[in-house]
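These numbers come from the heavy atoms of this one structure, side chains and all, not from hydrogens, waters or symmetry mates.
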There are 2 protein chains.
Amino acid sequence: MDTENLGQHISKQFNQDLENIREEVLAMGGLVEEQLKKALEAFSQHDIELANEVIANDDRVNNFEISIDEDCIKILAKRQPAASDLRLVSTVLKAITDLERVGDEAEKIARMAVEIAETKDQSPLNGKLPYSALQNLGNVVKTMLHEALDAFARMDADAAIEVAKKDKKADDEYDAISRQLMTYMMEEPRSISKVLDFLWSARALERIGDHAHNICEYIVYLVQGQDVRHLTWDEIHRLVKSRN
Amino acid sequence: MDTENLGQHISKQFNQDLENIREEVLAMGGLVEEQLKKALEAFSQHDIELANEVIANDDRVNNFEISIDEDCIKILAKRQPAASDLRLVSTVLKAITDLERVGDEAEKIARMAVEIAETKDQSPLNGKLPYSALQNLGNVVKTMLHEALDAFARMDADAAIEVAKKDKKADDEYDAISRQLMTYMMEEPRSISKVLDFLWSARALERIGDHAHNICEYIVYLVQGQDVRHLTWDEIHRLVKSRN
C-alpha cells in the first residue's frame, strides 16, 4: 500500500473516502491513547475524579468504532474497492475492534483505580504495592500503541514489526509484577482483594500490548498483502526482507 | 437478511460463495465448541493428554480464521456484494475474530488444566476447589456459544437476543466463583498460585460468554441492518419488536 497510489484513483471522492477513514482511525487512536494515559495517571495518583472522566469517555470510543465501521461498509458498498484499497478497508475494520478493546481495558484500569483509591487508607499494604513497576509496564504499552498508530499512519511494515516485538517485553514485565503480587498476597492474605485489583490492572495493560501487537500484524498484511497472523516474528521479518 | 433471498442472485456462483462462508463459520464454530468441551473435560478430570490435544489443535482454529478471512476478502473483491450480502460478509469477518479468541481462551483453560494437574497432589486445597461451580459456568457459556452459532445458522435475531441475555448469568456465576476463591486464598496463602490458575480459568470462561454475546450482536445487525453494539438489551428488544 503506497499512499502515493491513492492519487491514481479515477474518483476524487473515493480518494477522499479512503483518506477519511484513515484519519478517523488516527483520531480514534488519539482518543484511546488519551484514555490510557489518564487511566494510568488516575491509578498512580489515586485520582477518582480523573478515573470517572475516563469511565464516562468510553462511550466516545464506542461511538467512534460504530461510525468508522459504518463508513467502511459504505465504502465497500458504493466504491467496491480492490487490491490495496480493499486491504485498507478490511485492515481498518479489524484495527478499530482492537482500539475499542484498548478503550475497554483503559476503562477497567480506571474502575480499579477508583476501588483502590477508596480503600487505600485502610490497607496494610499501603505504600508497598509495585506502582512504579506498573507505570513502567504502562509506559511500554503506551509507547507500543503510539508507535503502532504511527506505523499505520505511515504504512510502515518494518516499524510495525519493531513495535510488535516489544510485546515480549510487556509480557515479561507483567510476569514480574504478577510474581511480586503473589508474594504480597501470601504475606498479607487480608489484602488479597486489593492486590487482585492491582493484578487485574496489570493484566489489562498486558492485553493492551496484545492489541497493539494485533494492529501491527494488520499493518504488515496491509503493506505486504499477506496474512501474517500466527506466524512468528522471525518468519514475518524474513518475509518482509524478501520483498524489499 | 432472509436466506430465501439468496436465490435471487444473478450469479449462482455468488450464492455458492456466500453459502460457503456461512458453512465455514459453522464448521469453525463446531471446532471451537469441541475445543471448549475438551478443555473443560481436561480441567475437571486432570487429563493432561486431553489438555495437550486442545493446545495442539489451536492451530487448526487459527487456520480456519485466516482461510475464512481470505474468502471474505475474495468475495468483496470479486462480487462486490451490496445490502444484506455485504452485511453477511462483514458479520462473518467480525464473528471469526471472536471465534478465534474463544479458541484462545479454551487453549488457556487447557494450559491451566496442565498446571493444576501437575501440582494436584501437593496442594492443601486438594478437593476443596469449586470444580462443580466452574463446570456450571462452563455449561452456561458452552450453551451460549452453541445457541449463538445456531442463531447465526438460522439468521434468527430474536434467538440471538435471548442468548445474549444469558451473559448476565455467566457474569454472576463468575463473580460467585471469584469471591469463593478469594476466601480460599486467605485461608491457604501457600496455595495462592494454584488458586489463581483456577481463577484465570473461570475468567477465560467469562470471556467466552462475552464473545458469544458479541456474535449475537452481529447477528442482530445482520438481520436488522442496524448496529446495536453498545445499546442495552432492552433497547435492542424494542428495536427488533418495532420491526417485526
For Met186(A) and Pro189(B), the nearest pair of non-hydrogen atoms, with its separation, is CG-O, 3.1 Å

### Query
Does some side-chain heavy atom of Leu199(B) sit less than 4.5 Å from a side-chain heavy atom of Leu196(A)?
yes

Output for pair (Glu70(A) CD, Ser90(B) OG), nearest 0.5 Å, gives 11.0 Å

Whatever's closer than 4.5 Å to a heavy atom in chain B on Asp58(A) counts as neither

Okay, Ala82(A) and chain B: the region with an atom under 4.5 Å from a heavy atom over there is neither

The interface call for Arg203(B) against chain A, heavy-atom contacts under 4.5 Å, is side chain

d(Ile73(A) CD1, Tyr221(B) OH) to nearest 0.5 Å is 4.0 Å

Run Ile192(B) and Ile192(A) through side chain to side chain contact (heavy atoms under 4.5 Å, CB included) and show every step you take. CA-CA 10 Å; Ile192(B) 282 175; Ile192(A) 282 176; 4.0 Å; yes

Separation between CZ (Arg101(A)) and CG (Asp210(B)), nearest 0.5 Å, reads 9.0 Å

With chain A, the option among Lys78(B), Lys94(B), Arg79(B) that has the most non-hydrogen atom pairs under 4.5 Å is Lys94(B)

Cut-off 4.5 Å, heavy atoms of chain B, and the answer for Leu86(A) is side chain

When the 4.5 angstrom heavy-atom criterion is applied to Asp98(B) and chain A, the contacting part is side chain

